[in-house]
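For reference, the structure is listed below as structure tokens.
The structure presented is a predicted model; accordingly, all values stated were derived computationally and were not measured. When a ligand or atom number is given, it counts from 1 through the structure's own listing order.
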Amino acid sequence: MAWHRMRYVLPGAVCLGMAGLAAAQAPIAYPSQASFPHENREAVARHLAEGRKIAGADLEADFNWRCLISPLDKKIVAGVQHDGLVPATKVFDNLYSIGQNAVSAWALDTSDGIIVIDALNNGDEARDILVPNMRALGLDPARIKYVLLTHGHGDHWGGAKYLQDTFGAKVATSETDWGMIESPNHGGGPFAHLVPPRRDMVLKDGDTVTLGKTSVKIYVTPGHTPGALSMIFPVFDHGKPHLAGLMGGTGGGQDSASAHKQITSLARWQQITRAAGVDVLITNHPVHMAATEKEALIRYGALNKSGAPNPFIYGVDKYQRYMGVMSACSRVQLARLGETGD
Ligand SMILES: [Zn+2]
């Protein structure tokens, strides 16, 4: 029987059947993406288009993450950015990835000791993840001289007191983010129970932290937090010098005021890194640049086989475009709040 004839022959039966089904079943209850009732749709579209254009083919995944997945789909974020062990990796001759899946920690080796950048969620992670990762790569944690904290959120400083107490490392961050760390709830959320490190060093915009022959240039880039730190430091790829830029808060700001600050900081960071010739991207969460996947390629030596460069070397232009994508996505965030984002 043809379908159109069946529809006309049995209308009553079809309707009864559907009504019975609806009464027996609860409506579907999947989680939905975030919605923005006050969004300025014209501005959202404009800044999405701009970000997607800047991203080109090679930064499409980063654009998708920062502009679309991270703000819209908490389930994906929780799944991808889960606490988990990943193998420690020597990324450059003098830079080692020693963090976990959800949040990064880095060891910058120098002729006179080690600078650790960020300290994971808590003392247990520092003891059971960060330190064993160092040892696995042949780095002696007793050589840690400084722990530089990119900002005052607990997932970056939670393990700092352990490193301070155990190895005598000096802990440093900006004045305002020391204030977050030392506040009664330590920046809030799941980190309220943490014991903060002692305030060894306060870093200001333009400061330089020098250990042995290595200098880390420090900038204060408000947005993600009021005093997020960004850093420029030298790395070597099989002896060849490059310049790494770690922007302390590529996760963006959490409200309108901080998103505006983030856009201003990103513009300044682009100027600073362009003038310095920064050509290596380093982030403080692996997911912000698929660092875990890049590190797997390095560990397997896969790139040596294809002749491809170290995947953390972006080149000056691509580094600038990455930060341009971050800026466009902060503008998208403002437009979702109802602003123009301009
Ligand atoms: Zn943060």
Check the side chains of Gln333 and His47 for a donor-acceptor pair under 3.5 angstrom, ignoring hydrogens and angles.
-> no
Looking at Asp109 and Lys90, does any basic side-chain N land under 4.0 Å from a carboxylate oxygen?
-> no
Salt bridge or not for Arg66 and Asp62, using N-O below 4.0 Å?
-> no
Ring pair (Phe, Tyr, Trp, His ring centres under 6.0 Å) against His224, all qualifying residues, sequence neighbours excluded | His151, His153
Salt bridge flag under 4.0 Å for residues Arg46 and Asp342 | yes
N-O pairing of Arg127 and Asp124 below 4.0 Å = yes
Provide the protein N, O or S atoms situated under 2.8 Å from the Zn ion (ligand 1); waters are not included.
-> His151 NE2, His153 ND1, His224 NE2
